[in-house]
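All values reported here derive from a predicted model rather than from experimental measurement.
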Amino acid sequence: MRAARVVTAAVVLMVMEQQAVAADLAQAASVPQAGASVTEAPSPWQIRLRALRVVTEESGYVNAVPGSDLSYSNTVTPELDISYFFTDNIATELILGTTYANIDGQGTIGALGKIGKVWLLPPTLTLQYHFTNFGAFKPYVGAGVNYTIFYNQDVGSADALKVKNTFGTALQIGFDYMVDQHWGVNFDVKKLFLKPDFDVTVDGAKLTGKAELDPWLIGAGVTYRF
């Protein structure tokens, strides 16, 4: 009986010792080792600030005026965009900016010169696919919709001018090069398919037409990932 008690006590001590060692190992595994890097998951929110070159197509016409054509000024403007990442690869981007365009007569209406000037507010929402297997170099493609608001419309040679708000579509390609976890540089090219209708009055004659703007938006700037 005494021998049995000794053996039982020894077994109990061995079990308790093994449990204590296992607890110590689990605790050690849960504590980062000194000097080990800890990488936080990136926020889904990202912003970019770009300088944007707006290059329009030189096309358009006035209805009922054969041979009429239109041209538009190109501009440089700041642009802000806000992105939200649903996954590492899929994101949506809201593009915000405003600029102006001078509208000039060409072709058979070239003698009109500057017909007017309009300001554009073209918020654009795109859905993007980001490629993630190139390290710090992160290219992407996107497509989306645009709604352009025309405001502060001034006349030149025309008596009255009204460019109408309209929907359009957008294609996009670009890349970020991330300097660290938060900061990067960005280059981006978008093509907007934008053909607003307009009403114009010249020498008392009321006319309609279409401005085929279809601008290229070429931008470069900085990226910040929260």
Between E79 and R53, is the salt bridge (charged side-chain N to carboxylate O under 4.0 Å, His left out) condition met? List the steps.
CA-CA 10 Å; E79 178 196 78; R53 175 71 170 169; over 6 Å; no
Under a 3.5 Å cutoff, is there a donor and acceptor pairing between the side chains of Q106 and E58?
no
Salt bridge or not between K210 and E57? Use side-chain N to carboxylate O under 4.0 Å.
no
Results of side-chain hydrogen bond (donor to acceptor under 3.5 Å, both in side chains) for D104 - residues two or more places apart only
none
With rounding to the nearest 0.5 Å, note down the distance linking CD1 in I47 to OH in Y224.
8.5 Å
Side chains of Y151 and T98: is there a donor and an acceptor less than 3.5 Å apart?
yes
Does the separation of the ring centres of F137 and Y177 fall below 6.0 angstrom?
no
Is there a donor in the side chain of D176 and an acceptor in the side chain of T223, or the other way round, less than 3.5 Å apart?
yes
Could you tell me if N146 and T148 have a donor-acceptor pair between their side chains, going purely by distance under 3.5 Å?
yes
Whether D81 and R48 form a salt bridge (side-chain N of Lys/Arg under 4.0 Å from carboxylate O of Asp/Glu) is what I want to check.
yes
In terms of heavy-atom contacts, L112 and S157 come closest through O-OG, 2.8 Å
Can a side-chain donor-acceptor contact be found between Y140 and N186 if the only test is distance below 3.5 angstrom?
yes
Can you see which heavy atom on V54 is nearest to which on P215, and at what distance?
CG1-CB, 4.0 Å
When you measure from the centre of the six-membered ring of Y100, is the NZ or CZ of K117 under 6.0 Å away and within 45° of the axis?
yes
Taking the six-membered ring for Trp, are W119 and F150 ring centroids under 6.0 Å apart?
no
Report yes or no: do E93 and Q46 form a side-chain donor-acceptor pair below 3.5 Å?
no
Salt-bridged, K191 to D214, with N to O below 4.0 Å?
no
Looking at F85, I'd like to know if the NZ or CZ of R225 sits under 6.0 Å from its six-membered ring centre while staying within 45 degrees of the ring's axis.
yes
